[in-house]
Amino acid sequence: MAKALLNFHLHIEPTTSQYQIFPEKTQSSRKSQNHEPRIKHQTSSRSTTTCVNKRKFKRVESSISSIQRLLSYVNSGYLEAALQMFDKMHKSSTFVWNVIIRGLVDSGMFEEAIDLYYRMRFQGIKADNFTFPFVIKACAGVFGLKEGQNVHATIIKLGFDVDIYICNALIVMYAKVGCIEDSEKIFESMPVRDLVSWNSMISGYVSARDGWGSLICLQKMRKSGLKLDRFSYVSGLGACGLEGCLLSGKEIFCQVLRNGLELDSMIQSSLIDMFGKCGEVDYAERFCDKIAQKNIVVWNAMIGAYALNDKSFESFTCLEKMQDDENVKPDTITLINLLPSCSKLGALLKGKAIHGHAIRKGYLCHLVLETSLVDMYGKCGSVSLSERVFFHMKERNLVSWNAMIAAYVQSSNYREAIELFLTLQNEPCVPDETTFVSILNAYAEIALPNEGKQIHCHISKSGISSGTFVSNAVIHMYAKCGDLEAARKVFDGMLFKDLVSWNTIIMAYAIHGFGGYCFGLFSDMTNEGYKPNESTFVSLLTACSIVGLVDEGWKYFDLMKREYGLDPGIEHYGCMLDLLGRDGNLDRAKSLIEEMPLKPTPRIWGSLLAASRHHKNIELAEFAANNIFAFDNDNTGCYVLLMNMYAEVGRWDDVERVRRLMKKRGFERTTGCSVVECNGKTYTFSNYDKSHTESNVIYNVLDILSRKIGEEARSCSVSKFKPPDLLKATSNSPMCHSVRLAVCFGLISTSVGEPVLVRKNIRICEDCHSATKKISEITNREIVVGDSKIYHRFKDGRCSCGDYW
DNA sequence: GTAGGGTTAG
């Protein structure tokens, strides 16, 4: 082991970064980081300090006995020297083993400490009351419940379970590994409890993320007559931050002042952290400003408080102040705290600069830092960089997996998200609510009811499906997969609904075109005492725009401000534009964009573009499209829509121009595909797909249906006058579009009277929409097609969307 | 001669 430790490299060659946000004036020696084993190297450096140390050690070596020397190495943090020495020593006394195990624990080398404990016992050396506190701490350090339980069993067997030091260590260990009940049991059964026992229990609840439990325990401690100390206050403040309880936080602050503890740096950072977590960044700032000598932890807490409270710019200003004014160098945690600010600002370059700095400083590999990078890259829209970090990580935990899955979902890589989720099943990590919410969102975007049901069952089996977060995601998933009934069933069965549950179910009815139900649900919701928020009105206005209720739309648009004091956001304006566009009021739509107090986004111009397409106003479409193109983000749908409009009027030069623009920007047309579920299996079709085993039958049926609905190849609008050289460049004939193939297969594979449900990854085209209406009429079947935005219910030759989408 | 509780992190 000593050899392995000697080979431990702390130096990573610096790389250059284009974006310097961390001025490196001097090549200062790196501080030891929390995440790195804290080993002081006695050799392999030419610095003066080390020479002095060498001389110092020679003196030490010559003057004291080997045991004392071992102790002195451990106490000074020279673990390498201690390990070398330990290897050569006669190891018959428990004391020697205790000293070296402590050294490993103090250096954060928990696994090695546990290994050494077992080696000690294997060699017949008896562990004593000093050994166990170290070993228990090591078990807590690796979150090893099994190891902890094994050690605990030995403690009981040897009769050390009455030792107050050992019990206190066990309380902390069980809380950290997620068994707070065991901590409680030990605490309750202790014949004598001291200050540390109470503090261990109070901090234990914080580790278990039970802030109220911690505060109640603090209260009991006070009642028992004990005087609270700095450790009690620090944990208490952590509890207030967890629960967002500012009142209790302020009470503790007063006690801190009364006891003159406000100069304690640990309390200072805990106070800033508490204020930040309670949403009171101004308090945090005022308190922080008064601290004369701020250490790195205080700065990190302040940067974290800014980041948490959406003050991203301020978090960077704080970093500058820390570096320039106080000459404090950022550490791993500083970087971790800054990354969410990059995500919120969408500042990919800043994020990359932080990544570069971390590499240059040798802060990587670091589990939390790497996970934060995966998260940041995902949120900044660079999923490939998330992947690069994630797949190079030496160690991953559930949070890392969740960050990568979320990055996939965020970038619409739903299949990849699901695949990664399936890979996670083979890992020791157990998926949690966050995993399930992400994965449900992935299924919501691409799955059909049967697959949806399967993932719902999978989650139910895990036993954590009944939480409000997960249930809300299940409602959304079922609604998007086309099973509105299942969505409603989950909603009705919820024990604890929240505002999101109501907003989700209203949106569910909205996308399925049942506006009336939405308004009914809205009044149920307000009658039950829920106060609507911005999202509620997005759901309601979506319902109005999908159903085409202009007056209702304006009513809710006014109501949100007048009755609930909510300012309409970009999404609300988008819905109103959809509504005006549907109504054919293009002038009003245009003027609404000019009047609105917000900067138009691609979503806004997209609404105007859709309206222009529907009303065949190519000038307005060009105007809207040019505004979208100015944004440089991937709105492939808009490019295609404009190309199709140009194609319809035979403006082939313009088609080519837009196509080139798309190519130049590296945007590729999304390949349209449709899925249909038959007899519990999912079948995917692409345009002109002939890969299906039943393709012959499908194409025969399609041919018959096409003729019956009076549609032949030449009558399809887009390809009507298409020159042959552009056939490939623009659009294929819609006659064999994926949605029709899927509908045909659905019709022949399901029983008469059963509706056919198809999902399409992009919006349904005009030709297919019109054809499906006719197919529903001649086959006398209900056909439901969910496109990337809404559900179209085709029945008796009509569609629920009223021919506007 | 060795022991237990602590701050900032996804």
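Because only heavy atoms are used, hydrogens play no part in the values below, and waters and symmetry mates are left out as well, while side chains stay in. Remember, it's a predicted structure, so these values are computed and weren't measured experimentally.
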How many whole angstroms separate atom CD1 of Ile267(A) from atom P of dG5(B)?
17 Å
Whole-Å distance, Leu218(A) CG to dG5(B) P, equals 18 Å
Ranking dG5(B), dT2(B), dT8(B) by distance to the side chain of Asp273(A), first place goes to dT8(B)
Within the 4.0 Å heavy-atom criterion, would you say Ser400(A) contacts the bases, only the backbone, or no part of the nucleic acid?
base
Regarding dG10(B), can its base be found pairing with the side chain of Asn402(A) as donor and acceptor, where the two atoms are less than 3.5 Å apart?
no
Check every strand shown and say whether Asn337(A) touches a base, only sugar-phosphate, or nothing at a heavy-atom separation below 4.0 Å.
sugar-phosphate
Please classify the nucleic acid contact of Val399(A) as base, sugar-phosphate, or nothing, using heavy-atom distances under 4.0 Å.
base
How many Å lie between CD1 on Ile272(A) and P on dT7(B), as a whole number?
15 Å
The side chain of Ser200(A) lies closest to which of these nucleotides: dG5(B), dA9(B), dT2(B)?
dG5(B)
Taking CD from Glu370(A) and C1' from dG10(B), how many angstroms apart are they, rounded to a whole number?
11 Å
Out of dG5(B), dT8(B), dT7(B), minimum distance to the side chain of Ser270(A) belongs to dT7(B)
Spacing between Met274(A) atom CE and dT7(B) atom P, to the nearest angstrom
15 Å
Using whole Å, report how far CG of Leu308(A) lies from P of dA9(B).
9 Å
Which part of the nucleic acid does Leu339(A) contact within heavy-atom distance under 4.0 Å: base, sugar-phosphate only, or nothing?
nothing
Is there a donor on the side chain of Ser269(A) or the base of dT7(B) sitting less than 3.5 Å from an acceptor on the other?
yes
Classify the side chain of Asn129(A) and the base of dA3(B) as holding, or not holding, a donor-acceptor pair under 3.5 Å.
yes
Taking Asp210(A)'s backbone N and O only, do any of them form a donor-acceptor pair with Ser214(A)'s side chain (distance below 3.5 Å, no angle check)?
no
By centroid distance (under 5.5 Å) and plane angle (under 30°), are Phe130(A) and dA3(B) in a stacked arrangement?
no
Arg230(A) CZ - dT7(B) P separation (whole Å)
11 Å
Can you tell me how far P of dG5(B) sits from CG of Leu261(A), to the nearest Å?
20 Å
Crowding at CZ, Arg388(A) (>12 non-hydrogen neighbours, <6.0 Å)
no
Given 3.5 Å as the limit, does a donor-acceptor pair link the side chain of Lys91(A) with the main chain of Met89(A), or not?
yes
For a quick check of understanding: with a heavy-atom distance under 4.0 Å over all strands, which category does Asn295(A) fall into, base, sugar-phosphate or nothing?
nothing
Residue Asp163(A), side-chain atoms from C-beta onward, closest of dA3(B), dG5(B), dT7(B)
dA3(B)
Is there a side-chain contact between Lys277(A) and the phosphate of dA9(B), meaning an N or O under 4.0 Å from OP1 or OP2?
yes
Does a donor on one side chain and an acceptor on the other come within less than 3.5 Å for Tyr174(A) and Lys185(A)?
no
Between dT7(B), dA9(B), dG5(B), which one does the side chain of Ile336(A) approach most closely?
dA9(B)
Between dG10(B) and Thr371(A), counting only base atoms on the nucleotide and side-chain atoms on the residue, is there a donor-acceptor pair under 3.5 Å?
yes
Using a heavy-atom cut-off of under 4.0 Å over every strand shown, decide if Leu237(A) touches base, sugar-phosphate, or nothing.
nothing
Check: Asn413(A) side chain, Glu416(A) main-chain N or O, donor-acceptor pair, under 3.5 Å:
no
Measure from the side chain of Val234(A), starting at C-beta and using heavy atoms only, and say which of dG5(B), dA3(B), dT7(B) lies closest.
dT7(B)
Just say parallel, tilted or perpendicular for the rings of Phe253(A) and Phe287(A), cut-offs at 30° and 60°.
perpendicular
When we call it a touch if two heavy atoms are under 4.0 Å apart, what does Asp194(A) touch: a base, just sugar-phosphate, or nothing?
base
Is Asn397(A) touching bases, backbone alone, or none of the nucleic acid, heavy atoms closer than 4.0 Å?
base
Over all strands shown, is Val368(A) touching base, sugar-phosphate only, or nothing at heavy-atom distances under 4.0 angstrom?
base
Using a heavy-atom cut-off of 4.0 Å across all strands, would you classify Phe134(A) as base, sugar-phosphate, or nothing?
sugar-phosphate
Is Ile171(A) touching bases, backbone alone, or none of the nucleic acid, heavy atoms closer than 4.0 Å?
nothing
Can you confirm whether the side chains of Glu370(A) and Tyr363(A) place a donor and an acceptor under 3.5 Å from each other?
no
